[in-house]
*Asks:* 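Dropping the structure in here first, questions after.
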Amino acid sequence: MRGLAQTLVLTGAVRAADVSAAMAEVGDGPELQRALVNARLVTEAQLAEAIALHTGHRYIDLANTTLDPNVIALVPGNLCRKYSLIPVDRRGDRLTVGVIDPTDIVALDDVASITDLFVEPVVVAEDALTQMFERFLRSDEELSELSMSIEESSEVNQAAFTESLEEQDDAAPIVRFVNLLIAQAINDRASDIHVEPGEKQLTVRFRIDGVLHEMQKADRAIQDGIISRLKIMSSIDIAEKRKPQDGRLSVTHENRTVDLRVATLPTVWGEKIVMRILDNTGQTMSMRDLLFSGVNESRFRESIIKPHGMILATGPTGSGKSTTLYTALRSIANPKINVITVEDPVEYRIGGINQVQVNNRAGLTFATALRSILRSDPDVVLVGEIRDQETANISIEAALTGHLVLSTLHTNDAPSALTRLTEIGCEPFLVATALSAVIAQRLARRLCMRCREPLVETSEVLSSLGFPHDPADVPQLYKAVGCPACSSTGYRGRVALHEVMTLSDEIESLVVTRATGTEIRQVALAQGMISLREDGFSKVAQGLTTIEEVLRVTV
């Protein structure tokens, strides 16, 4: 596609100077196109329109096009993914196919030979095509077929799965089943994959936007094969089935590497496996992406730019604490300061930051690692989690001796973090002096913007729920509906709710006198702290989520 750069410039999508700079770095061709998109100089849609104009083909906006599943079924899903195309429309013997590269003759010939139709290519945007894949080309049916074929073959050779898994190639049913399972979870934006053995069936569930969904059931006969395959991929001892084990694996999906953290747990029906998909998009988030309210962002920023002190993120597992702290780290990290983290495990690998992995077997605990870190001249220290008195005391001492310390703690709200530290044995006067701020966090499901509908609620109903509003001017709210884009759930993605408490002189005095969490909370609210539920209701008023979601995740 020589000359596409000129077309982009002529259409006004990008400046000639920007194109020249990109060409000097990556050259011409597909690399240039990706570089322009990655640098956000052009959008996927602008690139697709330029390709259409340059090659003399039509451009179609898939987001505003209604596709017929029967037409899509004319071309096998694996072929669509292989060539990055999707059938759009059929009229008589003519099949319109959306493609990224309309000059790919091999792809068009293959579609023509399979469908026995005349193929007309139209250009579509790559991101829109990926959405259509997620909506229409799911792997559920193929997974079911593979499950049946594995069951049949297991009757012939029950031991083949566990004895020779390492020698099986990608065409082996058990390998394809596991690969498809992981690929489908990534496409569905799942955060966790649960492989659960039962008395008669193996159940697979995905956690999507914080809620578990049952995705697949398979005969128990294939259980050992799937679990063994996953253990081998994760470098876990395949022979040990009596105790829990941990591992990690990496897969390549759609030209990107995805890491998964794997944990096994012996149950009465066999080993349960849970895989946490480590979404690397958390590495590129900015403070703006966290959607802090104005007051909360101001308080949080003031705390993280201090040269010393301690900042705690609290909340249940999976509430986004690590993502918030990583985002804070990236906003303050620079070559002039030494940033060291100690984590269990290291979920996201970040360039320019020294990350230490806890290894309890080797004696490298949070406490021992922290002692060594403090002898390594750090400016900023991130402690993955405060679990015991020793780790808490060393972290507090680090904050008091001129270091900025970030860590997480499991409490229900921000004020409870102060009482929790004193309860595990830390001196109240040290806690009060060391802490700069505590941020409590929850994740609520975000409304699907494609299908949400306005919701009319009376002022009486809103008042009974504690929703702040002007009775004379009821805000516009929205409800979840459900569409193909959100898998009929009405929600797509999640939004964070925050509660940021900074330590004033009055709160420090309460900590020293061992006041209760309730007393500290009352003072913090009186001094302007926004509660989790209040922050959630403000995001409801912005049309980001629903009242039901806020009530579900907050107290």
Side-chain angles (χ1 to χ4, degrees), residues 63-64 66 131 134-135 188-191 207-213 281 285-300 315-316 318-321 323-324 412-414 439-501 521 524-526 528-555:
N64 296 317
T66 302
Q131 288 186 2
E134 293 179 6
R135 192 182 306 181
D188 285 353
R189 302 173 295 102
S191 60
R207 186 177 294 278
I208 303 172
D209 294 335
V211 178
L212 279 170
H213 300 269
T281 56
M285 290 184 68
S286 65
M287 293 288 285
R288 182 179 298 178
D289 297 323
L290 296 178
L291 293 180
F292 277 105
S293 66
V295 174
N296 283 341
E297 182 172 359
S298 175
R299 289 186 167 198
F300 190 58
S319 59
K321 302 186 298 294
T323 300
T324 297
N412 292 326
D413 60 7
I439 173 172
Q441 186 167 311
R442 298 290 189 278
L443 292 178
R445 289 185 292 175
R446 184 193 292 256
L447 276 168
C448 174
M449 295 300 169
R450 289 181 178 273
C451 64
R452 68 174 187 176
E453 290 184 357
L455 173 66
V456 179
E457 286 287 8
T458 63
S459 177
E460 291 76 12
V461 172
L462 295 178
S463 297
S464 67
L465 295 172
F467 189 92
H469 66 286
D470 181 358
D473 185 19
V474 178
Q476 176 64 70
L477 307 181
Y478 294 89
K479 64 180 179 180
V481 178
C483 68
C486 60
S487 301
S488 300
T489 62
Y491 299 95
R492 185 177 176 86
R494 288 189 285 180
V495 59
L497 316 181
H498 305 100
E499 179 178 276
V500 181
M501 181 187 74
R521 182 173 184 81
L525 290 172
M529 182 183 79
I530 300 172
S531 71
L532 282 166
R533 181 163 288 187
E534 286 177 323
D535 192 49
F537 282 153
S538 73
K539 289 179 168 67
V540 171
Q542 296 172 41
L544 296 175
T545 187
T546 62
I547 292 178
E548 293 81 4
E549 271 298 292
V550 174
L551 296 178
R552 181 178 70 87
V553 300
T554 63
V555 178

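A quick note: this is a predicted structure, and the numbers were derived from the prediction, not measured.
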*Asks:* Work out which heavy atom in Pro475 is nearest to a heavy atom in His469; give both atom names and the distance.
*Replies:*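 Shortest heavy-atom contact: CD-CB, 3.8 Å.
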
*Asks:* To the closest 0.5 Å, what do you measure between CD (Gln476) and CD (Gln542)?
*Replies:*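 So the CD of Gln476 and the CD of Gln542 are separated by 14.0 Å.
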
*Asks:* Quick check: closest heavy atoms across Cys451 and Gly490, and the distance to 0.1 Å?
*Replies:*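 Residues Cys451 and Gly490, closest heavy atoms: SG-CA, 4.3 Å.
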
*Asks:* Flag the pair Asn296 / Asp535 as yes when at least one side-chain heavy-atom distance between them is below 4.5 Å, and no otherwise.
*Replies:*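 Of all side-chain heavy-atom pairs linking Asp535 with Asn296, at least one is under 4.5 Å.
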
*Asks:* Is Glu460 close to Pro471 at the side-chain level, that is, under 4.5 Å between some pair of heavy atoms?
*Replies:*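 No, every pair of side-chain atoms sits at 4.5 Å or beyond.
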
*Asks:* Enter the distance from Glu457:CD to Ser463:OG here, rounded to the nearest 0.5 Å.
*Replies:*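 So the CD of Glu457 and the OG of Ser463 are separated by 11.0 Å.
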
*Asks:* Is the closest side-chain heavy-atom distance between Val540 and Tyr478 below 4.5 Å?
*Replies:*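 Side chain of Val540 against side chain of Tyr478, heavy atoms only: no contact under 4.5 Å found.
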
*Asks:* Which heavy atom of Gly318 sits nearest a heavy atom of Leu443, and at what distance?
*Replies:*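 Heavy atoms only, the tightest pair is O-CD1, 3.5 Å.
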
*Asks:* Does His498 reach the side chain of Ser293, with side-chain heavy atoms less than 4.5 Å apart?
*Replies:*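 In short, these two side chains do not touch, never coming nearer than 4.5 Å.
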
*Asks:* Kindly compute the distance separating OG (Ser531) from CG (Asp413), expressed to the nearest 0.5 Å.
*Replies:*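 Here the interatomic distance stands at 10.0 Å.
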
*Asks:* Do you know the tightest heavy-atom contact between Leu497 and Val553?
*Replies:*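 In this case the closest contact between Leu497 and Val553 is CD1-CG2, 3.8 Å.
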
*Asks:* Please report the closest heavy-atom contact between Arg442 and Pro316, naming both atoms and the distance.
*Replies:*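 So the minimum-distance heavy-atom pair works out to NH1-CD, 3.5 Å.
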
*Asks:* Checking side-chain hydrogen bond (donor to acceptor under 3.5 Å, both in side chains) between Glu499 and each of Gln441, Arg533, Arg521, which is the one that passes?
*Replies:*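 For Glu499, the side-chain hydrogen bond (donor to acceptor under 3.5 Å, both in side chains) check succeeds only for Arg521.
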
*Asks:* Any chance you could measure Thr546, atom OG1, to Arg445, atom CZ, to the nearest 0.5 Å?
*Replies:*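 Thr546 atom OG1 to Arg445 atom CZ measures 7.5 Å (nearest 0.5 Å).
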
*Asks:* Begin with the C-alpha distance, continue with both residues' side-chain angles, and end with the deciding distance and a verdict on salt bridge (Lys or Arg N to Asp or Glu O under 4.0 Å) for Arg492 and Asp209.
*Replies:* CA-CA 7 Å; Arg492 185 177 176 86; Asp209 294 335; over 6 Å; no

*Asks:* Can you tell me if Thr324 uses its side chain to pair, donor with acceptor, with the backbone of Gly320 under 3.5 Å?
*Replies:*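 Flag set: sc Thr324 to bb Gly320 pair under 3.5 Å.
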
*Asks:* With heavy-atom distances below 4.5 Å as the criterion, would you say the side chains of His213 and Val211 are in contact?
*Replies:*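 With C-beta onward as the side chain, the pair touches.
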
*Asks:* Would you compute the distance between atom OG of Ser319 and atom CZ of Arg494 and round it to the nearest 0.5 angstrom?
*Replies:*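 Between Ser319 OG and Arg494 CZ, I get 9.0 Å after rounding to 0.5 Å.
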
*Asks:* May I ask you to test the Leu544-Leu291 pair for a side-chain heavy-atom distance under 4.5 Å?
*Replies:*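 In contact.
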
*Asks:* Atom CD1 in Ile547, atom CG in Leu455: separation rounded to 0.5 Å?
*Replies:*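 One finds 7.0 Å between CD1 of Ile547 and CG of Leu455.
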
*Asks:* Can you find a pair of side-chain heavy atoms, one from Glu549 and one from Tyr491, that are under 4.5 Å apart?
*Replies:*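 Side chain of Glu549 against side chain of Tyr491, heavy atoms only: contact under 4.5 Å found.
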
*Asks:* Test Phe537 against every option in Leu532, Leu551, Thr554, Thr545 by the side chain to side chain contact (heavy atoms under 4.5 Å, CB included) rule and name the one that passes.
*Replies:*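 Among Leu532, Leu551, Thr554, Thr545, the one that satisfies the side chain to side chain contact (heavy atoms under 4.5 Å, CB included) with Phe537 is Leu551.
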
*Asks:* What I'd like to find out is whether the side chain of Val456 reaches to under 4.5 Å of the side chain of Pro454, using heavy atoms alone.
*Replies:*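 No, too far: nothing below the 4.5 Å cut-off.
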
*Asks:* Could I get the full list of salt bridge (charged side-chain N to carboxylate O under 4.0 Å, His left out) partners for Arg446, not counting sequence neighbours?
*Replies:*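 If we apply the salt bridge (charged side-chain N to carboxylate O under 4.0 Å, His left out) test to Arg446, skipping adjacent residues, there are no hits.
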
